[in-house]
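The structure under discussion appears below in the form of structure tokens.
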Amino acid sequence: MKNRLAWPLTGILLMIGSGLALTHNLPLRYDVAFGDEMTYLASGLTYTFPPDPYLAQWGSLYAAWLRFLQVFTPDTLDLFYLNWRLLIILTGTLLFLYLYLRKSGFAVSLFCALCFQFSTLNVQLDPRISAFTLCLILTGLCVIQARDWSARSVMLLTALTALVCAYVRPEFYVSMLIAFGLAVGTFLMPRFQTGQRSFRAFSGVLGLVALAVLMRLLLGNPLAPGEQGSNRSFDAFVQHFSINYNTWRNQPTDIPIVDQFKLITSIFGKDVKSMSDAFRVHPDLVIRHFWTNISNTTKAEFRVLGGLFFETPLNHLTSPYRKWILAVLFVVIVFGLIDLRETFRQLRKKPLKLTRKELALFILLLPSLASVVLVFPRTHYLYFHAVGLITMLAFLLGNIKLRVAQSPVWLAGMASLMMVWVVYQTTQQQAEKRPTPVADNIRFIRSLSLKGTVSSLEREWYRIFLYGRQQTPRWIRVDIYQPNTDFGRFLEQQNVNFILMTKDMQNYFARDSGFASFLSGAESGRFVRLKAPEPGSYLLIRPELLLKQPAVSSLTGN
């Protein structure tokens, strides 16, 4: 037993160690990126149990996870980076364990997991809710691979995994229904043939039904219609059909969300509220959208493979001859170390076939496979595809026969070489200090002693990092303001007392006469102007919001 556990435990420890090294000083190398992840972070900061049913479509369990981490890290910015760091470590470690349990071999599993862990796809993934979902998927797949389950048990475990994932990303509810249907089928078909029924065997099905009903009552319905949740699938279609449509017409693709919906209305009509409605109105355009996505996805899959197994291993190797170095190394390995005849013989003996465990992987990847066609080949969909691609490559690598005996000493030597690579990569990365203006601004506003409710006028998400104080901050969206009108009066009407004028905000108001008049007029004197860390940025804040006045040296302008 000890020998059986030695290699997987060694691999897990190596993956955790490499992950800790990779994510050391993460806040000094990667800045905060505003986007969907901020929505999930806000849900975590305000999470209560039982949660609002609305969260069923917006990562209810992910919000609970963030709330749990907040117990250990009250500071919101530290929480953001802690979650990022943990998910990088967990995804790589669980991927190694999954590949090892699939009998891909220790060296192959470690190599593939390290390539994934250190890849840009994994480290810079946004939103990180997909990494949390992948952790749940890999945990379920590890349980499935851990022993020789019956077909019904495999489908029940798949359905259970998909059910949990559905309360992180709602599209997995479809995977749950498929796996559950197959589990019921594996129970009923033999009984119809023999006429015998065992309620004991049916207990797993009943247990899953009971759990699904309980989660539905406590957490809500992931597939709720718009009145109960939100029409996420149609919103995603609107956003990405607009990108494809404008690409076909050589028009700008980066347009505001409001303009995206206007575009859809102009094409399909104002009554279109779903993808099926759009298909009935213009099937030709929707089919072209699907075909464009299929074409782009095919190209993207090759980029993912190249990023994982070419760019990641050769990262920080700046030699202009690195491709030739790789080619020579490939020839040496293929013709020097690999026994090609035995390898082909081994592959013929063990062809890749669709077993119940392979079917479990396919069902759990199905939502991302469908999403790239129906919506768009977004990075966080391709992120799931990477696991499927790595699994297939690990199968091929695991069946390679070498001319040398794969002894424990040989395996230990290969692991040591990989750890040398890890040390080199992490050393190089730690030396790369990148600017982090957003994180610096966040640290600045959190250092202020504030009292009362912050009413923030902004386009971004800085307000999220003010949660946790006595009151929840108010958000006043910039598009409420009518351009070139009385900006000072607007601030009074909306009770705005906090404006972080980042470069983005300054560009937004650059040609606005109302904002220019406000800055040059007496009304701006009601605000204190503080210099922000981001070069050229500043904060306009009402003095009564400050618990204590800042030092005079920090004041600029008015």
Side-chain angles (χ1 to χ4, degrees), residues 35-40 54-60 62 125-127 129-130 133 162 165-178 220-301 364-385 479:
D36 289 349
E37 185 68 18
M38 296 298 105
T39 302
Y40 301 120
Y54 171 80
L55 281 182
Q57 286 201 352
W58 289 94
S60 185
Y62 185 53
L125 177 71
D126 184 57
I129 190 173
S130 294
T133 310
C165 290
Y167 286 92
V168 183
R169 298 198 67 94
E171 58 266 28
F172 282 91
Y173 213 81
V174 176
S175 292
M176 186 276 290
L177 294 174
I178 294 173
N221 179 13
L223 300 181
E227 293 77 12
Q228 301 175 38
S230 63
N231 198 352
R232 286 192 66 180
S233 59
F234 183 63
D235 292 348
F237 171 74
V238 168
Q239 180 181 359
H240 297 95
F241 177 86
S242 301
I243 294 175
N244 281 338
Y245 185 81
N246 282 347
T247 301
W248 303 334
R249 298 167 61 88
N250 294 319
Q251 299 292 329
T253 58
D254 186 16
I255 60 176
I257 295 176
V258 175
D259 292 340
Q260 292 171 358
F261 278 91
K262 289 180 180 178
L263 178 63
I264 295 299
T265 300
S266 67
I267 297 172
F268 297 104
K270 62 181 180 180
D271 296 328
V272 171
K273 301 299 181 184
S274 67
M275 193 183 303
S276 57
D277 291 343
F279 185 83
R280 283 191 290 269
V281 175
H282 271 300
D284 55 328
L285 292 179
V286 176
I287 291 174
R288 186 180 180 185
H289 168 70
F290 293 161
W291 179 248
T292 301
N293 287 340
I294 292 172
S295 176
N296 291 336
T297 299
T298 303
K299 300 173 186 176
E301 302 291 11
L364 291 173
L365 293 183
L366 185 59
S368 62
L369 294 171
S371 295
V372 294
V373 177
L374 300 177
V375 182
F376 198 76
R378 301 179 70 179
T379 302
H380 63 272
Y381 296 147
L382 299 171
Y383 179 75
F384 295 104
H385 294 197
D479 53 13

(message) Would you say Asn293 and His289 are linked by a side-chain donor-acceptor pair, where the criterion is simply a distance under 3.5 Å?
(response) yes
(message) For the backbone of Leu125 and the side chain of His380, can you confirm whether one donor and one acceptor N or O come within less than 3.5 Å of each other?
(response) no
(message) Tell me if a side-chain donor or acceptor on Ser295 pairs with a main-chain N or O of Trp291 at a distance below 3.5 Å.
(response) no
(message) Is it the case that the side chains of Asp36 and Thr39 hold a donor-acceptor pair, with the cut-off being a distance below 3.5 Å and no angle test?
(response) no
(request) Identify the heavy atoms of Leu369 and Val373 that sit nearest to each other, and give their distance. (result) O-CG2, 3.8 Å
(message) Closer than 3.5 angstrom, by distance alone: can the side chain of Asn246 be matched with the main-chain N or O of Pro252 as a donor-acceptor pair?
(response) yes
(message) Any side-chain to backbone donor/acceptor pair from Ser368 onto Leu365? Under 3.5 Å, distance only.
(response) yes
(message) To check you understand the geometry: which heavy-atom pair defines the closest contact between Met275 and Phe234, and what is its length?
(response) N-CD1, 3.8 Å
(message) Can a donor-acceptor pair be found, under 3.5 Å and without considering hydrogens, that links the side chain of Ser130 to the backbone of Asp126?
(response) no
(request) Would you check if the side chain of Thr133 reaches a backbone N or O of Ile129 as a donor-acceptor pair within less than 3.5 Å? (result) yes
(request) Please work out whether the ring planes of Trp58 and Tyr40 are parallel, tilted or perpendicular, with thresholds of 30° and 60°. (result) tilted
(request) Report yes if the side chains of Phe172 and Leu366 come closer than 4.5 Å at any heavy-atom pair, otherwise no. (result) no
(message) Between Tyr167 (side chain only) and Gly220 (backbone N and O only), is there a donor and an acceptor less than 3.5 Å apart?
(response) yes
(message) Would you call the rings of Tyr245 and Phe241 parallel, tilted or perpendicular, taking 30° and 60° as the class edges?
(response) parallel
